[in-house]
Amino acid sequence: MSANWDYAMLTLDASQYGGPEQFRKALDRAGQRKGAIKTIVAVALVAVVYSAYRSRFVQTQIAKARYWLSSRFQKPEWLSKQQVHLLDSAGNEKEETDDE
């Protein structure tokens with residue numbers, strides 16, 4: 001592996017930073033900055049996705065999708081009261097079910 005290194009360029013870069021110790025510290029700081037930026041972006045993305053999921057719009061759309069799927073494959077008896085309420089508040093008509 002060391003046969004592939006260009007020692008002349010590495011020595012020149014290190015001398016421009018004031019020696020090998022300062023060069024290593026500069027590389028560490030650059031890596032830390034890149035890691036910090038990636039972390040900030042990841043945390044912001046998670047926060048946006050979480051807030052979108054928790055929003056009423058997304059919950060309504062999930063309830064609509066479940067209701068639609070259940071009406072295609074089985075009776076919608078497994079819907080919770082909250083999901084039925086979300087469907088009703090979204091303006092959809094409730095399907096009449098046979099109560100025995």
Side-chain angles (χ1 to χ4, degrees):
M1 180 173 175
S2 62
N4 295 334
W5 288 12
D6 188 357
Y7 287 107
M9 292 301 295
L10 184 61
T11 305
L12 179 64
D13 289 341
S15 67
Q16 289 176 349
Y17 279 90
E21 188 63 27
Q22 287 79 13
F23 184 56
R24 186 191 60 77
K25 287 180 182 177
L27 290 176
D28 287 344
R29 284 191 303 270
Q32 288 173 351
R33 274 188 237 116
K34 285 182 182 179
I37 290 171
K38 288 179 182 178
T39 301
I40 290 170
V41 169
V43 168
L45 181 62
V46 167
V48 167
V49 169
Y50 179 74
S51 66
Y53 175 75
R54 296 292 293 171
S55 73
R56 187 165 182 86
F57 174 75
V58 172
Q59 289 179 357
T60 304
Q61 295 304 315
I62 291 171
K64 284 182 182 179
R66 281 185 170 174
Y67 189 79
W68 182 83
L69 287 171
S70 67
S71 68
R72 298 296 183 257
F73 300 108
Q74 65 184 11
K75 290 183 179 180
E77 296 167 353
W78 55 270
L79 288 176
S80 69
K81 290 180 181 180
Q82 181 185 12
Q83 291 169 329
V84 172
H85 175 70
L86 286 173
L87 288 172
D88 293 341
S89 66
N92 291 343
E93 294 181 16
K94 288 173 51 175
E95 289 185 16
E96 295 295 325
T97 58
D98 295 331
D99 294 330
E100 295 180 18

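Side chains are part of it too, since the values below use all heavy atoms of this structure and drop only hydrogens, waters and symmetry mates. Predicted, not measured: the structure shown is a model, and the values here were computed from it. The chain is numbered in sequence order, starting from 1.
- In this structure, CG in D28 is found 11.0 Å from CZ in R33, a value given to the nearest 0.5 Å.
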Would you check, one step at a time, whether the test side chain to side chain contact (heavy atoms under 4.5 Å, CB included) holds for L10 with F23? CA-CA 10 Å; L10 184 61; F23 184 56; 3.7 Å; yes
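- The shortest non-hydrogen separation linking S51 to V48 is OG-O, 2.9 Å.
- Between the CZ atom in R29 and the CD atom in Q22 there is a gap of 9.0 Å [rounded to 0.5 Å].
- Using a 4.5 Å heavy-atom cutoff, the side chains of I37 and K34 are not in contact.
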